[in-house]
Amino acid sequence: MTDSPILDLLPQLASGASHTHALGFAFEGVDGDRARIRVPWRPDLVGDPDTGVIAGGLVTTLLDHVGGLAVWLKMGTYQPIATLDLRVDYMRAARVKTDLLAEARCFKLTSSIAFVRAWAFEDDPQDPVAAAQAAYVLTAARPRKDAA
């Protein structure tokens, strides 16, 4: 897949949207069929000021977003997709003042649905903070009926 044009787009897709840019998402690369992004720890991303742990909603957003990147990687192209289903299992609190990584793999692609597994961790994917299973709808762009 090294010749795929999607590889040039993934860094922009990882952090180019206003919310991903605001959250600090950064493209970390591709390893085979897996996409990886990072979110640096920042005080404004903390969910519980007493512990300093990153907010759970941020972890969910990170897993959902890296899942989308994995879908585009599997397809080898960009086309609109939408999250159909996302299940996140939290296994432990993230370490305080530590960047969080997320990695995802699209393991099944049909004509209309993509199935993904993703995990968030600090430095060892075998010790995840959370894991996700997701399904994305492939919503190929269609011409509008009212377009002249």
Any heavy-atom pair between the side chains of [Y] and [X] that's under 4.5 Å?
{"X": "Arg36", "Y": "Asp31", "answer": "no"}
{"X": "Val66", "Y": "Glu28", "answer": "no"}
{"X": "Phe121", "Y": "Asp127", "answer": "no"}

**OP:** Take Leu84 and Phe115, measure what side-chain contact (heavy atoms from CB on, under 4.5 Å) needs, and give me the verdict at the end.
**Re:** CA-CA 10 Å; Leu84 176 64; Phe115 299 92; over 6 Å; no
Side-chain heavy atoms under 4.5 angstrom apart, residues restricted to Ile, Leu, Val, Met, Phe, Trp, Tyr: same cluster for [X] and [Y]?
{"X": "Trp119", "Y": "Val39", "value": "no"}
{"X": "Ile113", "Y": "Leu109", "value": "no"}
{"X": "Leu100", "Y": "Phe27", "value": "yes"}
{"X": "Ile37", "Y": "Leu7", "value": "yes"}
{"X": "Val59", "Y": "Val53", "value": "no"}

First locate atom [atom1] of [X], then atom [atom2] of [Y], and finally report the distance between them rounded to the nearest 0.5 Å.
{"X": "Arg105", "Y": "Leu73", "atom1": "CZ", "atom2": "CG", "value": "10.5 Å"}
{"X": "Ile54", "Y": "Asp44", "atom1": "CD1", "atom2": "CG", "value": "10.0 Å"}
{"X": "Leu138", "Y": "Thr110", "atom1": "CG", "atom2": "OG1", "value": "6.5 Å"}

Might you point out which heavy atoms bring [X] and [Y] nearest each other, and give the distance in Å?
{"X": "Ala70", "Y": "Cys106", "value": "O-CB, 3.6 Å"}
{"X": "His65", "Y": "Ala14", "value": "NE2-O, 3.3 Å"}
{"X": "Leu45", "Y": "Pro40", "value": "CD1-O, 3.6 Å"}
{"X": "Val96", "Y": "Gly52", "value": "CG1-O, 3.9 Å"}
{"X": "Leu86", "Y": "Thr83", "value": "CB-CG2, 4.0 Å"}
{"X": "Ala102", "Y": "Leu62", "value": "CB-CG, 3.5 Å"}

**OP:** Please test Glu122 against Trp41 for side-chain contact (heavy atoms from CB on, under 4.5 Å), starting from the C-alpha separation and ending with a verdict.
**Re:** CA-CA 10 Å; Glu122 292 95 352; Trp41 185 93; over 6 Å; no
Closer than 3.5 angstrom, by distance alone: can the side chain of [X] be matched with the main-chain N or O of [Y] as a donor-acceptor pair?
{"X": "Tyr136", "Y": "Val71", "value": "no"}
{"X": "Ser15", "Y": "Ala26", "value": "no"}
{"X": "Trp72", "Y": "Ile81", "value": "no"}

**OP:** Kindly assign one of parallel, tilted or perpendicular to the pair His19 and Phe25, based on the angle between their ring planes and the thresholds 30° and 60°.
**Re:** perpendicular
**OP:** Verify the neighbour count for atom CZ of Arg92: are there more than 12 heavy atoms of other residues, nucleotides or ligands below 6.0 Å?
**Re:** yes
**OP:** Determine, stepwise, if the pair Ile6 / Met75 fulfils side-chain contact (heavy atoms from CB on, under 4.5 Å).
**Re:** CA-CA 9 Å; Ile6 194 66; Met75 291 189 305; over 6 Å; no
